[in-house]
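Lettering follows sequence order; numbering is per chain, from 1.
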Amino acid sequence: MRRGIGRIVGGRIHAVRFPRSTRRPLSIVPRPALLAERLRGARIDAVERHGKRIAIGLEPAGPERAPRWLVIEPRMTGLLLLVPPPTADHLRMELDVGDRPCHRLRFWDQRGLGTIRLVDAAGLERACGAAKLGVDGLVVTAAELGRVLGGSRRAIKVALLDQRAVAGIGNIYAAEILHRAGIDPRTPCRRLVADDWERVAAAARGILAAAVDHEGSSIGDELYRTADDRKGSYQRLHRVYGLAGTPCRRCRTPIERIVQAQRSTFFCPVCQPRRRRAPPRRSR
DNA sequence: CGTTCAACCTGGGCGC
DNA sequence: TGCGCCCAGGTTGAAC
């Protein structure tokens, strides 16, 4: 997503519209009219990704106004598009970026669970700083995972979704990472040893890098699209996510689906074997 | 500390 | 065809 909209950097915001903003919630702070006023005339200096959030750096028009950041959290169905969205419905915001090949950025969100916030530097730190987001999954190391999760009793799958522990991993990639690492998603973190963390970290970096290369996962025929409204292709490389009942690509055992923390978890019971408890110490 | 549930929303799919 | 469920790439806060 960040790569797709990176070319808006250097543009200036000429106009802001909220074509559907009166009918639905979707958290926009400040309220649309005020946000539009604050954005108008600002120059776009940066587009950054922090975990699953996008932060657009702005140099406001007025001479003494401090830099601002437009922090966008797409959540389940939010998309940033440089082309017209599939339908006008659910479109929440349009930035007219001006004198650019692709001069309009739109935030389109079918379910409306996404959020848009305009913040200052301190607000960016609050929304995307180390207190909120751990090391990014694209670059996380075994040592870092062991440090933040090693003592936890939580199941590894649930822990990988904790953005404060490690940033940027969602339900699809948590499942894919653990399949590649060969670890049962129910394993308590504290039962993992150094070699396990090496495999989890390497799998996280590898899976996420490949998913970015393939422009994400577009499952079925709706929802996630690139900034120019193309499907991603990583779904073709999924080994477990959404594949319950189909044979594991590695061992032919049917993939299983369970629920953890109210989210689906997919895994192969053979490639990701249940771990025996540490053997009871025997004294005699 | 960790888990569970509800809430925020729309829409597709399925069984009856 | 229509209705009532269940499900969905996420996050947060309350209750236990």
Side-chain angles (χ1 to χ4, degrees), chain A residues 1-2 4 20-29 49-54 71-80 85-92 107-117 126-128 131-134 137 148-179 185-191 204 207-208 210-212 214-227 231-245 257-266:
Chain A
M1 196 175 273
R2 197 216 68 79
R20 286 299 206 142
S21 56
T22 51
R23 227 223 286 165
R24 58 345 30 102
L26 177 108
S27 164
I28 299 175
V29 177
R49 177 185 65 83
H50 299 276
K52 299 175 185 173
R53 293 145 205 204
I54 298 286
V71 177
I72 296 167
E73 246 188 88
R75 304 237 176 143
M76 302 287 267
T77 52
L79 294 179
L80 286 166
T87 73
D89 293 334
H90 319 300
L91 180 61
R92 316 297 173 159
F107 183 69
W108 185 84
D109 187 354
Q110 182 174 94
R111 287 173 71 179
L113 299 176
T115 69
I116 298 172
R117 281 173 290 175
R126 238 173 289 128
C128 302
K132 205 73 178 225
L133 300 176
V148 297
L149 296 177
S152 170
R153 302 174 131 87
R154 280 186 297 179
I156 178 64
K157 155 65 161 44
V158 176
L160 286 179
L161 294 178
D162 180 351
Q163 302 300 299
R164 305 164 71 128
V166 49
I169 297 174
N171 208 33
I172 293 178
Y173 301 119
E176 297 298 322
I177 287 164
L178 291 177
H179 182 257
R186 297 164 293 195
T187 313
C189 290
R190 53 158 35 176
R191 216 178 288 171
I207 296 272
L208 292 176
V212 171
H214 286 80
E215 301 181 286
S217 301
S218 298
I219 295 163
D221 40 29
E222 278 326 308
L223 306 179
Y224 175 71
R225 295 302 156 95
T226 64
K231 291 186 180 189
S233 60
Y234 193 77
Q235 67 279 6
R236 291 201 278 268
L237 299 180
H238 288 180
R239 291 290 199 260
V240 289
Y241 185 85
L243 298 175
R257 173 188 180 274
I258 61 175
V259 173
Q260 293 180 284
Q262 288 71 240
R263 319 282 310 270
S264 291
T265 296
F266 299 90

> Compute the centroid of each ring, for A:Tyr241 and then for A:Tyr234, and state whether the two points are separated by less than 6.0 Å.
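No, they do not, as the ring centres are separated by 6.0 Å or more.
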> Under 4.0 Å between a side-chain N/O of A:Thr77 and OP1 or OP2 of B:dC9, yes or no?
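Negative; the distance criterion is not met.
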> Could you identify the nucleotide paired to B:dC9, looking across every strand shown and requiring Watson-Crick or G-U wobble geometry with both distances under 3.5 Å?
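Its partner: none found.
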> Please check this pair: side chain of A:Gln260 against backbone of A:Pro185, looking for a donor-acceptor N/O pair closer than 3.5 Å.
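Answer holds: yes.
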> With rounding to the closest Å, how many angstrom separate the C1' atoms on B:dT3 and C:dA8?
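Each nucleotide's C1' atom is 22 Å from the other's.
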> Can you tell me the distance, in whole Å, between the OH atom of A:Tyr173 and the C1' atom of C:dG10?
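The distance from OH of A:Tyr173 to C1' of C:dG10 comes to 15 Å, rounded to the nearest Å.
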> Measure from CG on A:Asp162 to P on C:dG10 and round the result to the nearest Å.
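Rounded to whole Å, this separation is 13 Å.
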> To the nearest 0.5 Å, what is the distance between CD1 (A:Ile116) and CD1 (A:Ile54)?
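Atom-to-atom, A:Ile116:CD1 and A:Ile54:CD1 are 12.5 Å apart.
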> Provide, to the nearest angstrom, the distance between the CE atom belonging to A:Met76 and the C1' atom belonging to C:dC7.
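Distance check: A:Met76 CE to C:dC7 C1' gives 9 Å.
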> Please tell me if A:Lys52 has a side-chain N or O lying less than 4.0 Å from either OP1 or OP2 of C:dG9.
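No, outside the criterion.
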> Rounded to the Å, how far apart are A:Gln110 CD and C:dA8 C1'?
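Rounding to the nearest Å, CD of A:Gln110 and C1' of C:dA8 are 10 Å apart.
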> Work out how far the P atom of B:dC1 is from that of C:dG10, and round it to whole angstrom.
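That atom pair is separated by 24 Å.
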> Do you see a donor-acceptor pair shorter than 3.5 Å between the side chains of A:Arg111 and A:Thr77?
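Note: A:Arg111 and A:Thr77 side chains miss the donor-acceptor criterion.
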> For nucleotides B:dG12 and C:dT1, find the distance between their P atoms and express it as a whole number of Å.
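Here B:dG12 and C:dT1 have their P atoms 16 Å from each other.
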> Expressed in whole Å, how much space separates the C1' atoms belonging to B:dC9 and C:dG2?
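The same atom, C1', in both gives a distance of 23 Å.
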> Using only heavy-atom distances, determine whether the side chains of A:Glu215 and A:Thr226 contain a donor-acceptor pair under 3.5 Å.
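No donor-acceptor contact under 3.5 Å links the two side chains.
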> Taking B:dT4 as the reference, what is the distance to C:dG9 when you measure between their C1' atoms (whole Å, please)?
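Here C:dG9 and B:dT4 have their C1' atoms 22 Å from each other.
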> Do A:Glu73 and A:Arg117 have side chains that get closer than 4.5 Å, going by heavy atoms?
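Yes, side chains in contact.
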> Base, sugar-phosphate, or nothing for A:Glu73, non-hydrogen atoms under 4.0 angstrom?
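The answer is sugar-phosphate, as A:Glu73 gets under 4.0 Å only of primed atoms, P, OP1 or OP2.
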> Ignoring backbone atoms, test whether A:Lys132 places a side-chain nitrogen or oxygen under 4.0 Å from the OP1 or OP2 oxygen of C:dT12.
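It does, given that an N or O in the side chain of A:Lys132 lies less than 4.0 Å from OP1 or OP2 of C:dT12.
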> Please state how far atom CZ in A:Arg263 lies from atom P in C:dG10, giving the value in whole angstrom units.
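After rounding, the reported distance stands at 4 Å.
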> For C:dG9, does the O4'-C1'-N9-C4 (purine) or O4'-C1'-N1-C2 (pyrimidine) torsion place it in syn, i.e. within 90° of 0, or in anti?
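Here the answer is syn: the torsion falls within 90° of 0.
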> Can you measure A:Leu113 atom CG to B:dC8 atom C1' for me and round it to whole angstrom units?
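For the pair A:Leu113 CG and B:dC8 C1', the rounded distance is 6 Å.
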> Taking the nucleotide of DNA chain B with the nearest heavy atom to each, does A:Arg111 or A:Val158 sit closer to the 5' end?
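The 5'-side residue here is A:Val158.
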> Rounded to whole angstrom units, what separation is found between the CH2 atom of A:Trp108 and the C1' atom of B:dC9?
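One finds 13 Å between C1' of B:dC9 and CH2 of A:Trp108, rounded.
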> Whole Å only: how far is the CZ atom of A:Arg153 from the P atom of B:dG2?
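Spelled out: CZ on A:Arg153 to P on B:dG2 is 8 Å.
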> Hunt down the Watson-Crick or G-U wobble partner of C:dG9, both distances under 3.5 Å, from any strand shown, or write none.
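Because no pair has both required distances under 3.5 Å, C:dG9 counts as unpaired.
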